[in-house]
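Read through the structure below, which is laid out as structure tokens, and then see the notes.
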Amino acid sequence: MSNQEDLNNEKLEEKANFIEKIIISDIEKNKNNGAVVTRFPPEPNGYLHIGHAKSICLNFGIAQKFSGKCNLRFDDTNPVKEDLEYIKSIEEDIKWLGFTWDGEARYASNYFQKMFDLAVELIKKGLAYVDDQTADEIRISRGTLTEKGKDSPFRERSIEENLELFLKMKNGEFENGEKVLRAKIDMGSPNINLRDPIIYRISHETHHNTGDQWCLYPMYDWAHGLEDSFEGITHSICTLEFEDHRPLYDWFLNQFEELHHPQQIEFARLNLNYTIMSKRKLLKLVQDNYVASWDDPRMPTVSGLRRRGIPAAAIREFCSRIGVAKTEGTVDYALLEYCAREELNRVATRRMVVLDPVKVVITNYPEGETEFFDGENNPEDENSGTRSISFSREIYIEREDFMIDPPRKYFRLAPGKEIRLKHAYYITCTDYKVDSEGRVEEIYCTYDPLSRGGWTDDGRKVKGTSHWVDANSAIPVEVRLYDRLFVAENPGKVTGDFLDDINPDSLSVVTAYAEPAIKDGTAGEFFQFLRVGYFTADYKEFTAGNLVFNKTVGLKDTFKVQR
RNA sequence: UGGGCUGUCGCCAAGUGGUAAGGCACCGGGUUUUGGUUCCGGCAUCCGUAGGUUCAAAUCCUGCCAGCCCAGCCA
């Protein structure tokens, strides 16, 4: 190994998480001949969420880092919960996140025959038996957390009888629930997973992939290790709740010396405050119409975050920053927002859009005249070019950028005060008009012709700068203002029902006025509405004739009112 | 109450016997035609807790406390 490679390895190790350290050590020992093969094994029973993104970044990231491979494998062993729609969405989400799985997507269901054959072998070894007990009987005889279980009365059936019955199970000669196949391990084990776990159940159900070919379906514990083994997985990474299952994972594989034996490693799943990650709860939100769909921009699903306007790169960065460890914690949502802003600041196209307009008349500006200014598309990107912005006697500014009686350190417009209109002129407020309810209806200003472009060389201090649009040419656009879906850090913590903490104001739709250049936007494009926040042209609905924008996240706001 | 796992700054997270990295958040200040960005500075005498071993412990030992997971023919 060259010095250069040594250096690289040191660098690799320096930033490695505990799983990567295990892998580095395995490579050094030449375990698996130095190969690294991981997999992302979703069950196609729901949409992927940000928690899955953590696992995806981990598994695919490891493959990239160590020149290995990462498979996509659908763990479709339960036909009653799984659906083709989910398979499609999962594939799309992974691709969108920027990862490519090795070869074709795999399906646990394509291994059913091999698994069945191995189960027959297990029976022949005297290590599995057919149990006639009902589900209730099995549950009761399994014991409790503190009491040992009791052997099934069918535990000592002959190998021949077990073989015959198992075949009949496969051939559809029994009803659902009539019989199961169990591994014969130890009903007295302190680890409940080892108390003769069920490895096959009967389910007369059409499977999305195998149709009606099978009525016998393998359980997770039996299937998962075998799938990993068949695919030559070297490191089978899963979440903490499977730690108790590892002895079983190993037990099954240990019964077949000829099989490759992957190493299972567990890490803590992601929790994010102000949101939920449970597939069951997310499904509830969709089914009961608390949100519009799985990809509603308020959802923590990958497709929801995408529609919200969070770039894939921001999600990857987030996953990198939260790290990988075994401590279960809850990551602050502010970190995700930070990652979104960081990326968006780099790439977002700047435009001026007024969300809550109030008219300003520039009384000393000639009526009927229009002039144009150039504004950079992105000050963070020299190559982004400029766009033309029109200006005339009447403009709109943001209602909150004017106050009749402002507090100290209010840099915005107020009677007698001068501000800068971004890219345009300095204006000074001379008067204003309110309606019968005291609401500001119109503001009157004068402009300084010498400040064309928004600057003078006379050393004048103009602290405030406002965004604005030309009333003559402004285009109305639909803006969907999203806020967090839950008002509580840990939804449901207090009342027990997460629905009690839903934010009733998580969505409001407004018609805003935008500068004409907004028309040039493309679906999915990222924008920064100057001084307001980051928005995206809804990638599913935005067209030239339907200008819809979703709010991603506001700009960081450090303005504090001081009276 | 049985088994498994975890406890380092408000939130993540390095550190694995030699005297507490980093990021987010937060708080100051400079720059700024976005109160954005950027830049500078601050932010754990202490590592769940109580003892012990050692010249030296967040790191080793013992006890205790707290949290999470497991009793689906779900994954």
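Labels below follow one simple rule: chain letters A, B, ... track the order of the sequence lines, proteins then strands, and each chain is numbered from 1.
- Residues A:Y217 and A:F116 place their aromatic rings such that the two centres sit no closer than 6.0 Å.
- Residues A:F527 and A:F549 place their aromatic rings such that the two centres sit under 6.0 Å apart.
- Using a 4.0 Å heavy-atom criterion, one finds that A:M352 contacts no nucleic acid atom at all.
- Looking at heavy-atom distances under 4.0 Å, A:Q528 makes contact with a base.
- Counting any heavy atom pair closer than 4.0 Å across all strands shown, A:A325 reaches sugar-phosphate atoms only and no base atom.
- Within 4.0 Å of A:P379, counting heavy atoms only, lies at least one base atom of the nucleic acid.
- In this structure, A:K556 atom NZ and B:rG36 atom C1' are separated by 10 Å, rounded to whole Å.
- Salt bridge A:R106/A:E227: absent, no basic N to carboxylate O contact under 4.0 Å.
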Residue pair A:T330, A:N271: steps toward the side chain to side chain donor-acceptor pair (under 3.5 Å) verdict
CA-CA 5 Å; A:T330 303; A:N271 295 302; 4.6 Å; no
Indicate for each nucleotide in nucleotides 65-70 of chain B, in 5' to 3' sequence, whether protein heavy atoms under 4.0 Å reach the base (B), only the sugar-phosphate (S), or nothing (-).
--BBBB
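- A cation-pi contact, defined as under 6.0 Å to the ring centre and within 45° of the axis, links A:R484 to A:Y274.
- Nearest to the side-chain atoms of A:R321 among the listed nucleotides B:rG7, B:rC24, B:rA75 stands B:rC24.
- Note on A:N345: a base of the nucleic acid sits closer than 4.0 angstrom, heavy atoms only.
- Listed nucleotides: B:rA13, B:rG2, B:rG72. Nearest to the side chain of A:T327: B:rA13.
- A:Y338 has its ring centre no less than 6.0 Å from the ring centre of A:F318.
- Residue contacts shown for A:V553 are absent, as no nucleic acid heavy atom lies under 4.0 Å away.
- If you check every strand for non-hydrogen atoms under 4.0 Å, A:E380 touches a base.
- Within 4.0 Å (heavy atoms only), A:R420 reaches at least one base atom of the nucleic acid.
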